[in-house]
Amino acid sequence: MKRKLDGEHYFNFYQWPTNHEEEPSAIEKICLVNETKANMIFNLSTEGPFKIVATKTNSGSTHPLAASKPSSKGVGSKPETMFSLQPDKIVQMRIEFIPPDPTNLAEWPVVKACIKKGLIRVAYANGKFQTFNLTGNLLRPKVSIITMKPCKNEKGTDEIDLGEINIERSMRTMFYLINETTVPAKWNLNYVKFPKKATIGYMTKTPLEIENLNKTDDPEVFQFSVSEGCLKGPSLPLRVTPEGLALPSVPKNSTEEEYLPLKILVNFKPKANILYKSMFRFVVENGMTYDVILKGKGSYEEDYDAD
């Protein structure tokens with residue numbers, strides 16, 4: 001008995017947490033082939049979050065027990081699972097992967113990929129068994145950003161420094177939003193207050209903690225060119241120019257263009273000569289969040305005019 005599947009007796013299903021026209025089908029066709037010289041009599045069943053929704057065969061022989069069963073060709077009838085398969089004939093199954101509710105975080109956690117395992121069991125008339133593994137891949141979207149230069153702080157969060165600028169002027173920078181997954185990421189950008197920290201001795205604070213004590217958290221001084229959208233993935237990689245700037249790949253066609261990283265501009269316009277620092281969160285529908293911190297300092301000095 002040979003299964004027309006990739007790998008060593010594995011078949012993969014993929015499901016997304018949102019309804020989308022490009023979502024992979026939850027139902028796949030699997031064929032079993034009799035490569036022996038004798039009829040093979042067997043019964044099919046599944047284990048795990050999978051079920052047989054339809055079967056058909058080109059074998060001219062019938063399972064002895066199937067012949068004695070009443071006909072079940074009406075609406076909602078169960079598919080035939082007992083077969084007598086002649087040499088070189090096939091049984092085609094339509095297997096459905098039944099994923100959990102995406103809101104059930106115990107069964108479908110908020111991670112890029114979670115695996116649910118199952119199998120097809122072939123029970124032969126001679127008492128022997130054969131199994132074929134089924135893998136259900138539960139996927140969630142995840143976005144992240146790419147900046148012009150490394151900007152991770154000591155906590156591992158992207159922290160973009162827009163520098164110091166006269167309060168009568170403004171400063172602009174940019175970064176790219178990318179989708180790391182195959183699942184379309186429907187996102188929006190929200191301001192998030194910094195979490196309050198317990199007061200500890202000044203001498204035991206890190207430079208980052210000292211800076212955070214002296215900051216002003218005013219999100220109004222940071223303006224974004226775009227604050228919501230839907231990003232297909234995985235995003236195409238950025239290319240590096242001789243000047244060291246990271247730029248999107250040149251798309252070959254309109255389809256590839258849909259997978260370009262999204263360029264987001266940030267405008268910093270301070271109100272006073274103080275340090276501004278705010279956190280923003282990319283909230284992805286049925287996916288993982290991603291935080292970015294922006295900071296910049298206002299000045300009364302004319303030397304800090306933007307170009």
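- Judged by distance alone, the side chain of R140 and the main-chain N or O of N286 form a donor-acceptor pair under 3.5 Å.
- Looking only at side-chain heavy atoms (C-beta outward), L134 and F97 stay at 4.5 Å or farther from each other.
- Of the inter-residue distances, the one linking S25 atom OG with E96 atom CD reads 8.5 Å to the nearest 0.5 angstrom.
- A salt bridge links K232 and E22; the closest N-O separation between the charged side-chain nitrogens and carboxylate oxygens is under 4.0 Å.
- Two residues are said to be in side-chain contact when any heavy atoms from C-beta on lie closer than 4.5 Å; L32 and V122 meet this criterion.
- Inter-residue side-chain proximity for N133 and I120 is flagged as unmet; no heavy-atom pair is nearer than 4.5 Å.
- Looking only at side-chain heavy atoms (C-beta outward), Y290 and S144 come within less than 4.5 Å of each other.
- Annotation: Q92, atom CD; neighbour count of heavy atoms from other residues, nucleotides and ligands within 6.0 Å is above 12.
- T57 places a side-chain N or O within donor-acceptor distance of the main-chain N or O of I90, the cut-off being under 3.5 Å.
- Between the side chains of D88 and N34, no donor-acceptor pair is found at a separation under 3.5 Å.
- Proximity of a side-chain donor or acceptor of Q15 to a complementary backbone N or O of P24 within less than 3.5 Å is detected.
- Linking ILVMFWY side-chain heavy atoms closer than 4.5 Å, directly or via other members, places F194 and L189 in two distinct hydrophobic clusters.
- The local environment of NZ in K215 is crowded, with over 12 non-hydrogen atoms from other residues, nucleotides or ligands closer than 6.0 Å.
- I165 is listed as a side-chain neighbour of F268, based on a closest heavy-atom distance under 4.5 Å.
- Defined by atom type and a distance below 3.5 Å, a donor-acceptor pair is present between the side-chain atoms of T81 and N43.
- A side-chain donor-acceptor contact under 3.5 Å links D217 and S278.
- S235 places a side-chain N or O within donor-acceptor distance of the main-chain N or O of N179, the cut-off being under 3.5 Å.
- Not a single donor-acceptor pair under 3.5 Å links the side chain of R121 to the backbone N or O of F132.
- In this structure, K297 NZ and L162 CG are separated by 14.5 Å, a value rounded to the nearest 0.5 Å.
- The pair D218-K271 meets the salt-bridge criterion, with a side-chain N (NZ, NE, NH1 or NH2) lying under 4.0 Å from an Asp/Glu carboxylate O.
- Under the 4.5 Å side-chain contact rule for hydrophobic residues, V183 and V111 do not share a cluster.
- Ring-plane geometry between F222 and F280 is classed as perpendicular, the angle between the planes exceeding 60 degrees on a 0 to 90 degree scale with a lower cut at 30.
- Side chains of S225 and I264 form a contact here, defined as non-hydrogen atoms less than 4.5 Å apart.
- Under the 4.5 Å side-chain heavy-atom criterion for grouping Ile, Leu, Val, Met, Phe, Trp and Tyr, F224 is connected to L231 within one hydrophobic cluster.
- Taking the six-membered ring wherever Trp is involved, the centroid distance between the rings of F11 and F13 falls below 6.0 Å.
- Atom CD of E220 has 12 or fewer heavy atoms from other residues, nucleotides or ligands within 6.0 Å.
- With respect to the salt-bridge test (charged N to carboxylate O, under 4.0 angstrom), the residues K277 and E159 qualify.
- Cluster membership check: V284 shares its hydrophobic cluster with F175, using side-chain heavy-atom separations under 4.5 Å among Ile, Leu, Val, Met, Phe, Trp and Tyr.
- Ion pair K112/E180 flagged as a salt bridge, since at least one NZ, NE, NH1 or NH2 atom sits closer than 4.0 Å to an Asp/Glu carboxylate oxygen.
- In this structure, T216 contributes its side chain and Y276 its backbone to no donor-acceptor pair below 3.5 Å.
- Taking hydrophobic clusters as Ile, Leu, Val, Met, Phe, Trp and Tyr residues chained together by side-chain heavy-atom distances below 4.5 Å, Y191 shares a cluster with V266.
- The local environment of NZ in K269 is crowded, with over 12 non-hydrogen atoms from other residues, nucleotides or ligands closer than 6.0 Å.
- Side-chain atoms of L177 and P261, non-hydrogen and from C-beta on, never get closer than 4.5 Å to each other.
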* Could you walk me through whether E47 and K117 pass salt bridge (Lys or Arg N to Asp or Glu O under 4.0 Å), step by step? => CA-CA 9 Å; E47 294 181 10; K117 292 187 177 294; over 6 Å; no
